[in-house]
Amino acid sequence: MRGLAAAIQGLRIKRVLVRRGDLRHAMPTSLGATLTGARIHGFRRRAKYLLMRLDNGWSVLWHLGMSGRMVIGPATNQPHEHVVLDFDDGKRLGFIDPRRFGAVDLVRTEDEDRHRLLARLGPEPLSETLNGKLLHEAFAPKRTSVKAALLDQNLIAGLGNIYVCEALYRARIRPTRLCPDVTKREATRLAAAIKETLTDAIKAGGSSLRDYVQTSGELGYFQHHWCVYGKEGEPCPTCPGAPCPGVQRILQGGRSSFFCEVKQK
DNA sequence: ATGTCCACCTGCTGGC
DNA sequence: TGCCAGCAGGTGGACA
């Protein structure tokens with residue numbers, strides 16, 4: 001969002017090209033007509049949704065799914081660029097999403113938070129609302145693992161598989177722990193760990209896997225900071241005491257969890 | 001109401 | 001070299 005704001009805020013959309021509208025949620029057919037001629041007024045992020053606010057009362061809701069990217073730059077040959085915005089100053093924005101798990105939708109700016117994909121989201125992890133007390137109370141009635149709870153966007157919004165693994169590692173809590181068994185003290189540690197993990201990732205220029213790119217096309221590089229995610233079999237970087245058996249991978253709800261059984265209790 | 005699991009897609013990697 | 005199984009950042013919705 002920051003990359004987009006720096007590049008295109010204030011510009012007028014001259015032309016809209018929708019190559020494929022059949023993402024997981026079909027794009028509205030009025031997308032082109034609503035965007036053409038409008039000026040980019042500003043941006044907002046909510047959970048993993050990007051809201052691009054126009055000067056005509058509409059906001060464009062974007063979600064990158066698993067494989068989505070937004071890139072400012074000239075046309076390329078790659079086959080999954082589904083939406084292109086051309087701006088009055090000659091800049092060009094491409095929305096690329098090979099797996100088409102992403103989303104593009106329109107919503108009136110004043111109704112953003114009532115959009116069906118946003119309406120039930122939990123608090124932002126970097127807000128003051130998220131603290132040890134809130135986590136502890138939210139965990140009490142849950143009958144799931146702490147891993148599943150942190151991935152639940154209705155409990156806390158915006159954490160994905162990577163950051164949940166990393167935050168639990170920092171907080172020294174095993175992903176398999178049941179929510180009601182997490183103590184107040186641990187919940188406080190976890191809240192702090194979540195904030196630190198996200199803050200570090202943002203500071204490091206984004207995140208993610210081999211093909212993640214910033215809007216400039218540069219690779220995000222938080223991957224250099226991962227302690228456990230994707231590191232099955234490797235020694236845990238901060239394990240107290242001598243021989244660390246190494247990072248383990250288990251499946252929880254069909255998704256990989258990475259943890260160190262020595263450090264995380 | 002709550003929790004679990006699948007489906008939606010394409011691309012890449014590693015083992016044979 | 002080629003083929004194929006397995007896995008991947010997310011999440012809405014079907015089902016128990």
Side-chain angles (χ1 to χ4, degrees), chain A residues 1 19-27 45-50 61-71 76-83 95-105 107 115-122 125 137-169 175-181 194 197-198 201-202 204-215 219-233 247-258:
Chain A
M1 185 194 77
R19 288 210 182 83
R20 284 197 76 154
D22 59 331
L23 305 186
R24 188 153 178 269
H25 308 278
M27 291 178 207
R45 180 196 58 73
R46 175 74 172 111
K48 298 171 194 169
Y49 295 92
L50 179 73
L61 179 85
W62 306 85
H63 194 292
L64 299 179
M66 302 255 276
S67 57
R69 331 173 204 174
M70 297 179 88
V71 177
T76 61
N77 287 328
Q78 73 82 30
H80 302 294
E81 191 178 58
H82 307 310
V83 182
F95 172 78
I96 300 157
D97 184 10
R99 293 176 76 174
R100 306 208 312 280
F101 287 178
V104 184
D105 201 4
V107 61
H115 189 283
R116 63 185 198 93
L117 298 177
L118 306 190
R120 286 180 304 277
L121 292 170
E137 287 169 5
F139 282 171
K142 284 262 161 198
R143 306 173 65 88
T144 62
S145 67
V146 63
K147 167 74 187 292
L150 292 179
L151 281 176
D152 179 355
Q153 302 297 298
N154 299 328
L155 200 86
I156 307 170
L159 296 179
N161 202 28
I162 294 176
Y163 296 148
V164 167
C165 290
E166 294 296 313
L168 286 170
Y169 174 79
T176 49
R177 284 278 296 284
L178 294 179
C179 287
D181 297 342
I194 288 168
T197 300
L198 292 178
I202 293 165
S207 83
S208 256
L209 299 185
R210 58 194 162 274
D211 58 352
Y212 174 86
V213 285
Q214 304 178 58
T215 52
L219 286 173
Y221 51 100
F222 184 68
Q223 60 266 33
H224 300 310
H225 296 259
W226 293 346
C227 292
V228 288
Y229 185 84
K231 295 195 175 289
E232 184 181 12
V247 174
Q248 295 193 41
R249 181 175 80 98
I250 56 169
L251 281 182
Q252 288 183 282
R255 313 198 64 194
S256 289
S257 292
F258 298 88

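So that the names make sense, note that chain A is the first sequence line, chain B the second, and so on, each numbered from 1. Heavy atoms only: backbone and side chains are in, while hydrogens, waters and symmetry mates are out.
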Exercise. Hey, are the side chains of A:His63 and A:Leu50 touching, using non-hydrogen atoms and a 4.5 Å cut-off?
Worked result: no

For this session: Kindly indicate whether the side chain of A:Lys231, heavy atoms from C-beta on, has any atom under 4.5 Å from the side chain of A:Phe258.
Result: no

Problem set entry | A:His115/A:Asp105 under side chain to side chain donor-acceptor pair (under 3.5 Å): CA gap, chis, key distance, verdict | CA-CA 10 Å; A:His115 189 283; A:Asp105 201 4; 2.8 Å; yes

For this session: Determine the Euclidean distance between corresponding C1' atoms of C:dG13 and B:dT10; express it in Å to zero decimal places.
Result: 22 Å

Exercise. Can you give one letter per nucleotide of nucleotides 10-16 of chain C, going 5' to 3': B for a protein heavy atom under 4.0 Å from the base, S for sugar-phosphate only, - for none?
Worked result: BBBS---

For this session: Considering only atom P, compute the distance from B:dG3 to C:dG9 and round it to an integer number of Å.
Result: 23 Å

For this session: Would you please indicate if the ring centroids of A:Tyr49 and A:Trp62 are separated by under 6.0 Å?
Result: no

For this session: Examine the side chains of A:Gln252 and A:Ser257 and answer whether a donor and an acceptor come within less than 3.5 Å of each other.
Result: yes

Exercise. Should A:Arg100 be listed as having a side-chain N or O under 4.0 Å from OP1 or OP2 of B:dC8?
Worked result: no

For this session: Provide, to the nearest angstrom, the distance between the CG atom belonging to A:Leu23 and the C1' atom belonging to B:dA7.
Result: 16 Å

Exercise. Hey, are the side chains of A:Phe95 and A:Leu64 touching, using non-hydrogen atoms and a 4.5 Å cut-off?
Worked result: yes

For this session: Determine the Euclidean distance between corresponding P atoms of C:dC7 and B:dC5; express it in Å to zero decimal places.
Result: 16 Å

Each nucleotide N or O in nucleotides 3-5 of chain B that has a protein N or O under 3.5 Å away: list the pair and distance.
residue: B:dG3; atom: OP1; partner: A:Arg143; partner atom: N; Å: 2.9
residue: B:dG3; atom: OP2; partner: A:Lys142; partner atom: NZ; Å: 3.2

For this session: Compare all side-chain heavy atoms of A:Ile250 with those of A:Thr176 and state whether any distance is below 4.5 angstrom.
Result: yes

Problem set entry | From CA spacing to verdict: side-chain contact (heavy atoms from CB on, under 4.5 Å), A:Ile96, A:Val71 | CA-CA 8 Å; A:Ile96 300 157; A:Val71 177; 4.2 Å; yes

Problem set entry | Nearest-angstrom distance from the residue atom CD of A:Glu232 to P of C:dC7 | 10 Å

Exercise. Side chains of A:Leu168 and A:Arg177: does their closest heavy-atom pair fall under 4.5 Å?
Worked result: no

For this session: Quick one: the dot-bracket string of DNA chain C, using Watson-Crick and G-U wobble pairs with both distances under 3.5 Å, [ ] for crossing pairs and | for bases paired to another strand.
Result: .|||||||.|||||||

Exercise. When rounded to the nearest 0.5 angstrom, what distance separates SG in A:Cys179 from CG in A:Leu150?
Worked result: 7.5 Å

Exercise. Rounding to a whole Å, what distance do you find between A:Tyr229:OH and C:dG9:P?
Worked result: 3 Å

Exercise. Should the pair A:Asp22-A:Arg100 be classified as a salt bridge under the 4.0 Å nitrogen-to-oxygen rule?
Worked result: yes

